[in-house]
Colleague: 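Quick one: structure below, then a few questions.
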Amino acid sequence: MSSKDKPYSELGKMLDELARERDVRGPYNIAYHLQGLTGYEASGQVVSQYMYGRSFPRREFIETFAEAFELTPQERGRLAWVYAYDSQPEYERLAIVELKRASDRLLKSY
């Protein structure tokens with residue numbers, strides 16, 4: 001199975017989604033973007049390895065990615081979640097929202 005046939009890992013999907021929203025497509029272009037804006041050196045091959053889940057990026061890469069792509073706090077939070085847990089935070093986010101609503105109702109009742 002070639003790289004083109006294998007789907008991205010959850011982290012790779014997130015990196016791809018965030019980059020595409022900013023008109024940057026593919027691991028090599030992500031690497032060029034990072035280097036051009038921050039001076040961070042990562043080859044397209046290395047970024048590809050991260051996206052397919054063949055290797056795991058260091059925290060510095062994630063921080064640089066967030067900086068270079070000017071991620072919002074919400075996007076940074078989603079990326080951090082996927083980086084740490086290798087899953088999309090949708091279920092967890094819904095649980096947190098419900099907990100906050102319940103907390104807000106409780107506080108208003110006092």
Side-chain angles (χ1 to χ4, degrees):
M1 174 180 281
S2 73
S3 293
K4 293 181 186 211
D5 297 331
K6 184 178 182 217
Y8 286 152
S9 66
E10 286 302 314
L11 179 60
K13 290 176 193 174
M14 175 68 62
L15 295 172
D16 183 57
E17 174 188 327
L18 292 167
R20 283 177 180 268
E21 288 172 0
R22 289 151 176 89
D23 296 321
V24 177
R25 289 172 169 62
Y28 285 81
N29 288 329
I30 290 171
Y32 295 136
H33 189 77
L34 294 179
Q35 186 168 8
L37 291 177
T38 68
Y40 184 87
E41 292 191 30
S43 70
Q45 184 177 12
V46 167
V47 175
S48 180
Q49 296 291 317
Y50 297 159
M51 293 178 76
Y52 286 105
R54 292 191 195 110
S55 64
F56 195 70
R58 297 177 69 170
R59 185 175 144 187
E60 181 183 12
F61 172 84
I62 298 299
E63 291 171 349
T64 302
F65 182 94
E67 176 187 332
F69 285 96
E70 299 178 348
L71 301 187
T72 66
Q74 293 81 10
E75 290 169 329
R76 286 174 182 259
R78 286 179 43 227
L79 180 57
W81 185 275
V82 173
Y83 179 72
Y85 298 106
D86 195 37
S87 69
Q88 294 290 335
E90 293 307 310
Y91 176 76
E92 292 81 2
R93 183 186 63 78
L94 293 174
I96 291 168
V97 167
E98 287 303 315
L99 182 59
K100 181 170 178 355
R101 286 182 186 154
S103 175
D104 289 346
R105 285 192 301 269
L106 182 61
L107 290 173
K108 286 180 183 178
S109 68
Y110 281 106

Colleague: Using side-chain heavy atoms (C-beta onward) and a distance below 4.5 Å, is F65 in contact with L71?
Modeller: yes
Colleague: If you compare all heavy atoms of R59 against all heavy atoms of Y83, which two are closest, and at what distance to 0.1 Å?
Modeller: N-OH, 3.3 Å
Colleague: Specify the closest pair of heavy atoms between D16 and G26, including all atoms of both residues, with the distance to one decimal.
Modeller: OD1-N, 4.4 Å
Colleague: Provide the closest heavy-atom pair for R22 versus T72 in the form atom of the first, atom of the second, distance.
Modeller: NH2-N, 4.4 Å
Colleague: Looking only at heavy atoms, which two atoms of G44 and P27 are closest? And how far apart?
Modeller: O-CB, 3.7 Å
Colleague: So that I can tick it off, tell me whether E17 and R20 are bridged by a salt bridge, with the cut-off set at under 4.0 angstrom between side-chain N and carboxylate O.
Modeller: no
Colleague: Checking salt bridge (charged side-chain N to carboxylate O under 4.0 Å, His left out) for the pair E75/R78: CA distance, chi angles, key distance, verdict?
Modeller: CA-CA 5 Å; E75 290 169 329; R78 286 179 43 227; 5.4 Å; no
Colleague: Can you tell me how far CD of E60 sits from OG1 of T38, rounded to the nearest 0.5 angstrom?
Modeller: 9.0 Å
Colleague: What distance separates M51 CE from Y8 OH, expressed to the nearest 0.5 Å?
Modeller: 3.5 Å
Colleague: Do Y32 and L15 sit in the same hydrophobic cluster, where Ile, Leu, Val, Met, Phe, Trp and Tyr count as joined when their side-chain heavy atoms come under 4.5 Å apart?
Modeller: no
Colleague: Would you confirm whether the ring centroid of Y50 sits within less than 6.0 angstrom of the ring centroid of F56?
Modeller: no
Colleague: Just verifying a value: how many Å separate T64 OG1 and R58 CZ, rounded to the nearest 0.5 Å?
Modeller: 11.0 Å
Colleague: Hey, does M14 have a side-chain heavy atom less than 4.5 Å from the side chain of L18?
Modeller: yes
Colleague: Taking side chain as C-beta onward, heavy atoms only, is R25 less than 4.5 Å from D23?
Modeller: yes
Colleague: L37 and A68: which non-hydrogen atoms are nearest, and at how many Å?
Modeller: CD1-O, 3.3 Å
Colleague: Within the structure provided, determine whether V46 and F61 are in side-chain contact (heavy-atom separation under 4.5 Å).
Modeller: no
Colleague: At what distance, to the nearest 0.5 angstrom, does OG of S48 lie from CZ of R54?
Modeller: 6.0 Å
